[in-house]
2 protein chains.
Amino acid sequence: MNIYDIARISGVSIATVSRVVNGSQKVSEKTRQKVMDVIKAEGYTPNIFARGLGLDSMKTIGIMCPNIADNYMARAISHLEQNFHEYGYDCILGCSGHTREAKENYVKLLLSKRIDALVMVGSTYGGNGVEEKETAYIKNASKQAPVFLINSWIEGENIYCSNADDFSAAYEVTSALIRRGKKRILFLYDSETFSAKQKMEGYERALSDAGYPVLGDLKFRTKNEIHHARDLMLAYKNLEFDSVFAVEDGLAVAALKYAKVKGISVPEELSVVGYNNSPLSVSCEPELTSVDSRIEQQCYIAVENIVKVLEGNTEVSHRTIVPCEIVKRCTTDF
Amino acid sequence: MNIYDIARISGVSIATVSRVVNGSQKVSEKTRQKVMDVIKAEGYTPNIFARGLGLDSMKTIGIMCPNIADNYMARAISHLEQNFHEYGYDCILGCSGHTREAKENYVKLLLSKRIDALVMVGSTYGGNGVEEKETAYIKNASKQAPVFLINSWIEGENIYCSNADDFSAAYEVTSALIRRGKKRILFLYDSETFSAKQKMEGYERALSDAGYPVLGDLKFRTKNEIHHARDLMLAYKNLEFDSVFAVEDGLAVAALKYAKVKGISVPEELSVVGYNNSPLSVSCEPELTSVDSRIEQQCYIAVENIVKVLEGNTEVSHRTIVPCEIVKRCTTDF
DNA sequence: TTGAAAGCGGTACCAG
DNA sequence: CTGGTACCGCTTTCAA
């Protein structure tokens, strides 16, 4: 059942059917009704490929993230999908992992699908301090379709970003711990992504501003896997700290598990702060104080902006910084 | 840059370019090389819409789930995407929620995108005991594209399913608790989906087989949200139980939180078993014994089977039942 | 307000 | 092995 069939049955031309389908004003009410009835009766749906061929668009957004099994990414994609759906866009998904090559291939693939725009979720896609050539493929992609980065940051004509203010959040958390008399704040991290770096800088700045030294042995890097991280911490005999600031909730929970093994009481002897306000933070015991990076709001901004750009609006801000919120629970005494 | 340009530049016909692009054997090595060079030099990519128009396929799989922010779904989608990607298929995602209307609309939408197949993840899409008319839209969809249900079950010519053996898992867990002397096993659930029903039936059967009564006041339904569930349990003054079997890890964690408030020790006074083996189960304290429904394997089966069907293979099993695994941790003494 | 016809960029059949 | 050409189904311009 195609447009020709509908035209034949309703006794009009395919041009008219096309106009009816696309809600053109230049059709008499009578004709419209007649055609509509036939369309309903026959259950006709326009062929999306043919339409795509003509319009060079299928109203589809490409979404990339390193790993959708991660709660943070999953929440982001959930919001993106929902918001785009309301604007009539569909989402095609790509989980790229963290290697440059895979990321590059995925971008190429999505682009070859003639997506209307590309959204990349996660701080693995670039930011301050990342080498130019590492992100060249993204700049390249932006020549073919607008690119929106969530929690990454690259400057470019057709590139838009929304970033959590991780620096400030880390600064605040660290300062709060200092105000509570903490002397040795362990910085737990699992990668050197843009956002991890921002957090580390906030942490360092807060220490400096308080006149504290930035100690290398207080920066602890490990995989974001609870048992693995806990065991690695336990293996380091000389690890001494009175508080923990982790760049991921999973790492913070690992610190909690570490405390449990060591018989250290939280928050009395040890304060712990996590990041992302994930379900983990209310599952653990005691429940975790965690920074919420407002992923929902970031996704909202992303969709609004992308849609504006696709509508030809040129007054879209290339970077939006969203403040974080510190959700206080039981692992801190502030 | 289209196929005509490439043909002109390489001095051949578009038919030959098409053959080269599609790896046809009937091209001389010399011609192939010549054309390939031009393609490389010009950075030509075939227009996917035009190709789709001709072949009526874009090698795209539609994936639906109620909510991708849920860890179980996210893991499923992650595996599906990865496996399909290896076969050269892309995934377009739809988060449908749980209402019939939304689910139906999403199916319609995905179908209108001419997806090659539809994969539906979750037990919300139908199974034993669900009314025919509730799943009619899925049977209908299967006329247009093969449908694969993960953890739902509907019989139909073009419908394929993989199901966790939730009944047996629930039976085993309940029996194990009984063997440990538990007399009042609380069944915590949050919905009446197919899988929840299977679990409940396994629970009931184990009780009956052990000569225990199936008590209505030992079935507790609440939203799958840790604090909400905990508070609801606390609000019921006469709730008495010595063990908990929850259909979701979140609910099991809620039970742990309940025990914490009540000062009940786990597992000494109370045994708790969750479901899905999610990150929650290792985040909580003590760590949760949980049923792993092998989502990874189910997704693997789904992809293998779908690909077979799409290749015209007709000997594909319409239903595969995957055994679960009980992952023993600290909230039980078995 | 309507229709005829020219694309859009491929695929695949049929000749040669 | 290669080229010519008829589709695929829709959008849009141009005339009427």
Side-chain angles (χ1 to χ4, degrees), chain A residues 1-39 42-60 88 90 109 111-116 144-145 310, chain B residues 1-39 42-60 88 90 111-116 144-145 310 312:
Chain A
M1 185 62 44
N2 60 31
I3 201 171
Y4 292 94
D5 297 318
I6 301 298
R8 190 169 30 73
I9 298 173
S10 10
V12 299
S13 73
I14 61 163
T16 299
V17 175
S18 176
R19 290 192 191 100
V20 170
V21 168
N22 293 292
S24 159
Q25 300 305 310
K26 311 179 175 187
V27 185
S28 75
E29 190 46 45
K30 208 175 121 197
T31 310
R32 170 191 311 293
Q33 209 40 257
K34 189 170 56 180
V35 174
M36 275 307 227
D37 289 347
V38 175
I39 288 179
E42 305 291 329
Y44 164 72
T45 324
N47 183 304
I48 197 111
F49 300 145
R51 178 178 267 172
L53 226 203
L55 302 178
D56 199 31
S57 156
M58 246 181 63
K59 295 214 89 174
T60 300
D90 298 306
L109 179 76
L111 248 23
S112 81
K113 294 272 169 174
R114 310 255 163 175
I115 49 174
D116 293 298
Q144 295 192 48
L310 290 177
Chain B
M1 186 60 47
N2 59 31
I3 200 171
Y4 293 94
D5 296 318
I6 302 298
R8 189 169 30 73
I9 299 173
S10 5
V12 298
S13 73
I14 62 163
T16 299
V17 176
S18 178
R19 289 193 192 98
V20 170
V21 168
N22 293 293
S24 159
Q25 300 305 311
K26 312 180 172 186
V27 185
S28 74
E29 191 47 46
K30 206 174 121 196
T31 309
R32 170 192 311 293
Q33 208 40 257
K34 189 171 57 180
V35 174
M36 275 306 229
D37 289 348
V38 175
I39 288 178
E42 305 291 330
Y44 163 72
T45 323
N47 182 304
I48 195 114
F49 299 145
R51 180 177 265 172
L53 225 204
L55 302 178
D56 198 30
S57 156
M58 246 181 64
K59 294 214 94 181
T60 301
D90 298 307
L111 249 24
S112 81
K113 294 272 170 175
R114 309 254 161 175
I115 49 174
D116 293 300
Q144 296 193 44
L310 290 176

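Values in this document were obtained by computation on a predicted structure and should not be read as measured data.
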Do side-chain atoms of B/Ser24 reach the backbone of B/Lys26 as a donor and acceptor pair under 3.5 angstrom? yes
Counting only side-chain N and O atoms of A/Ser28, is one of them less than 4.0 Å from OP1 or OP2 of C/dT2? yes
Let me know the distance between CD1 of B/Ile3 and P of C/dG7, rounded to the nearest Å. 18 Å
Quick check on DNA chain D: between B/Ala50 and B/Ile14, whose nearest nucleotide comes earlier from the 5' end? B/Ile14
Show your working on side-chain contact (heavy atoms from CB on, under 4.5 Å) between B/Tyr44 and B/Ile3 and close with a plain yes or no. CA-CA 8 Å; B/Tyr44 163 72; B/Ile3 200 171; 3.8 Å; yes
Starting at atom CD of A/Glu29, determine the distance to atom P of C/dT2, rounded to an integer number of angstrom. 11 Å
Using a 4.0 Å heavy-atom cut-off across all strands, classify A/Asn22 as base, sugar-phosphate, or nothing. sugar-phosphate
Does A/Glu29 reach the side chain of A/Arg32, with side-chain heavy atoms less than 4.5 Å apart? yes
Considering only distance and modelled atom types, tabulate donor-acceptor pairs under 3.5 Å from the side chains of residues 47-60 of chain A, sequence neighbours left out.
from	atom 1	to	atom 2	distance (Å)
A/Asn47	OD1	A/Phe49	N	2.7
A/Asn47	OD1	A/Ala50	N	3.0
A/Arg51	NH2	A/Asn22	OD1	3.0
A/Ser57	OG	A/Lys59	N	3.1
A/Ser57	OG	A/Asp116	OD1	2.8
A/Ser57	OG	A/Asp116	OD2	3.3
A/Thr60	OG1	A/Met58	O	3.1

When rounded to the nearest 0.5 angstrom, what distance separates CD1 in A/Ile115 from CG in A/Asp90? 13.0 Å
Within this structure, what is the CG-to-P distance between A/Leu55 and C/dG9, rounded to whole angstrom? 12 Å
Would you say A/Ser13 reaches C/dA4's phosphate, i.e. side-chain N/O to OP1/OP2 under 4.0 Å? no
Choosing from C/dA5, C/dT2, C/dT11, which nucleotide comes nearest the side chain of A/Ala15? C/dA5
How close or far is atom C1' of C/dT1 from atom NZ of A/Lys26, stated in whole angstroms? 10 Å
Contacts of B/Leu53 and B/Val12 projected onto DNA chain D by closest heavy atom; the upstream (5') one is B/Val12
Report the distance from atom CZ of A/Arg32 to atom P of C/dT1, rounded to the nearest whole Å. 10 Å
Once you round it to whole Å, what is the distance between C1' of C/dC8 and CG of B/Asn47? 8 Å
Let me test you: for the helix from C/dT1-D/dA16 to C/dG16-D/dC1, what is the angle between the axes at its two ends (five pairs each), rounded to 10 degrees? 40°
If you measure from OG1 on A/Thr45 to CD on B/Gln144, what distance do you get to the nearest 0.5 Å? 7.0 Å
Over all heavy atoms of both residues, which pair between A/Ala7 and A/Ser13 is shortest? Give the atoms and the distance, please. CB-C, 3.7 Å
For C/dT2, does either OP1 or OP2 sit under 4.0 Å from a side-chain N or O belonging to A/Thr31? yes
Mind checking A/Val21 for me? I need base, sugar-phosphate or nothing, with any heavy atom below 4.0 Å counting as a touch. nothing
Along DNA chain D, 5' to 3', what are the outermost nucleotides having an atom less than 4.0 Å from a heavy atom of chain B? D/dC1 to D/dG9
With respect to the phosphate group of C/dA5, does any side-chain polar atom (N or O) of A/Tyr4 fall under 4.0 Å of OP1 or OP2? no
Are B/Arg8 and B/Asp5 within salt-bridge range, i.e. N to O under 4.0 Å? yes
With heavy-atom distances below 4.5 Å as the criterion, would you say the side chains of B/Lys34 and B/Val12 are in contact? yes
Base, sugar-phosphate, or nothing for A/Ser18, non-hydrogen atoms under 4.0 angstrom? base
How long is the span from the CG atom in A/Asp37 to the CD1 atom in A/Ile6, to the nearest 0.5 Å? 11.0 Å
